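Below: one structure, written as structure tokens.
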Amino acid sequence: MCPFAYQTSRWIREVRDQTGLTINWRFFSLEEVNRAEGKKHPWERDWSYGWSLMRIGAGLRRVDPALLDDWYRAIGHELHDLGGKPHDPAVARRLLADIGAPDDVFDEALADPSTHDEVRADHQRVLDAGGFGVPTLFLGEQCLFGPVLVDPPVGEAALTLWTVVTGMAALPHVYELQRPKTAADAELIGRSLRPYVEGRDWVSINRGEVVDLSALTAEKKLPDTNPQDGV
């Protein structure tokens, strides 16, 4: 759901391609962490936009972690680059076919209650470490929020950012480093979010940390079938 987590995933794959880094993809639910009081938990719904996609991811991870990597890439590209709707079950099934996933993984993952437990356990790991959102990285036991970026760097620049991130992780009492955003930065972020804004079917929560989505689109009514996500 989060466009910034998707951009971070593109960057960390670039780092992997250059260094041989191993990425263990985990789950975190923006639906749950931003759930309004009185709304259902995502695991109480027959279909929940982000949660159900992660349950499918849990099923794929059991078969082959590389399939989860492909799944996240496919659904992220569909929503954040193309403005599509991977949270529509029909689209999700098409994307699973596109990545060569087993034919039965969609139905089996959603019929198996243990996929709820698997997603919940990953989610709780972030909360227990003091995390609150995405993108979140664990480097060993060190938990970091970020990096939050658009237009993810490639080549040598990607490795420069990796050096910054791992350097911060090595200094346990460095808590925050933030770049103030100019009007030009806000305009760039706004343009990068346009496909996501078109593809989403939920109301995003803006905590004032990144960008004001109200400048991009008229507010949509929150559907009763899914709680809010966050960016």
Side-chain angles (χ1 to χ4, degrees), residues 1-14 16-17 20-35 40-127 133-138 195-196 198-202 223 225-230:
M1 283 187 168
C2 178
F4 300 103
Y6 173 63
Q7 298 302 333
T8 301
S9 76
R10 293 177 59 200
W11 161 72
I12 201 69
R13 285 190 179 99
E14 172 74 12
R16 179 180 62 188
D17 290 347
L21 177 74
T22 296
I23 302 172
N24 298 312
W25 298 106
R26 302 293 186 112
F27 306 117
F28 186 82
S29 176
L30 296 171
E31 292 171 295
E32 174 61 14
V33 80
N34 289 314
R35 183 181 64 90
K40 290 181 179 180
H41 294 281
W43 56 83
E44 296 175 320
R45 301 173 183 275
D46 293 335
W47 177 265
S48 218
Y49 295 147
W51 189 268
S52 293
L53 295 179
M54 290 190 291
R55 292 181 66 200
I56 295 166
L60 290 169
R61 186 166 63 181
R62 294 172 184 180
V63 177
D64 183 351
L67 282 172
L68 174 56
D69 189 299
D70 292 341
W71 176 233
Y72 185 28
R73 188 198 307 268
I75 59 179
H77 177 64
E78 181 72 20
L79 174 60
H80 300 298
D81 296 329
L82 303 181
K85 299 181 183 293
H87 48 279
D88 180 312
V91 177
R93 288 183 184 273
R94 171 176 61 79
L95 295 174
L96 284 168
D98 289 347
I99 67 171
D103 293 340
D104 55 1
V105 70
F106 183 100
D107 295 313
E108 287 193 358
L110 297 180
D112 183 351
S114 70
T115 58
H116 283 303
D117 300 332
E118 197 166 323
V119 175
R120 244 189 320 256
D122 279 2
H123 178 85
Q124 191 62 44
R125 180 185 183 220
V126 177
L127 298 180
V134 288
T136 290
L137 301 181
F138 278 86
Y196 159 76
E198 291 302 313
R200 66 179 185 169
D201 289 313
W202 51 84
T225 53
N226 269 282
Q228 293 165 310
D229 74 323

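Positions are given from 1, in the same order as the sequence printed here. Owing to the predicted nature of the structure, the values given are computational and were not obtained by experimental measurement.
Classified by interplanar angle (parallel below 30°, tilted 30° to 60°, perpendicular above 60°), the ring pair Phe106/Trp47 is parallel. Using the six-membered ring where Trp is involved, Trp202 and His87 have ring planes that are perpendicular, over 60° apart on the 30 and 60° scheme.
For the pair Leu127/Glu32, no side-chain contact is recorded, criterion being any heavy-atom separation below 4.5 Å from C-beta on. Within the 4.5 Å cutoff, side-chain heavy atoms of Ser9 are placed close to those of Tyr72.
Interatomic distance, Leu79 CG to Asp88 CG, rounded to the nearest 0.5 Å: 12.0 Å. Note that OH of Tyr196 is 16.0 Å distant from CG of Leu82, once rounded to the nearest 0.5 Å. To the nearest 0.5 angstrom, Trp51 atom CH2 is 11.5 Å from Met1 atom CE. With rounding to the nearest 0.5 angstrom, the CD1 atom of Ile75 is 8.0 Å from the NE2 atom of His80.
Contacts of Arg94 classified as salt bridge (Lys or Arg N to Asp or Glu O under 4.0 Å), with partners at least two apart in sequence or in another chain: Glu78, Asp98.
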CA sep, side-chain torsions, deciding dist, call: Arg120, Trp43, side chain to side chain contact (heavy atoms under 4.5 Å, CB included): CA-CA 9 Å; Arg120 244 189 320 256; Trp43 56 83; 3.1 Å; yes

Please walk me through it: do Arg93 and Asp107 pass salt bridge (Lys or Arg N to Asp or Glu O under 4.0 Å)? CA-CA 10 Å; Arg93 288 183 184 273; Asp107 295 313; 2.8 Å; yes

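Side chain of Glu31 to backbone of Tyr49: a donor-acceptor contact under 3.5 angstrom is found. Of the possible polar contacts, none joining the Thr8 side chain to the Pro135 backbone as a donor-acceptor pair under 3.5 Å is found.
Counting only residues at least two apart or on different chains, the side-chain hydrogen bond (donor to acceptor under 3.5 Å, both in side chains) pairs with a member in residues 57-67 are Arg61-Glu118, Arg61-Asp122, Arg62-Asp112, Arg62-Ser114, Arg62-Glu118.
Taking a cutoff of 4.0 Å between a charged side-chain nitrogen and a carboxylate oxygen, Arg13 and Asp17 do not qualify as a salt bridge.
Counted within 6.0 Å of CG on Asp104, heavy atoms from surrounding residues, nucleotides or ligands total more than 12; the atom is thus considered enclosed.
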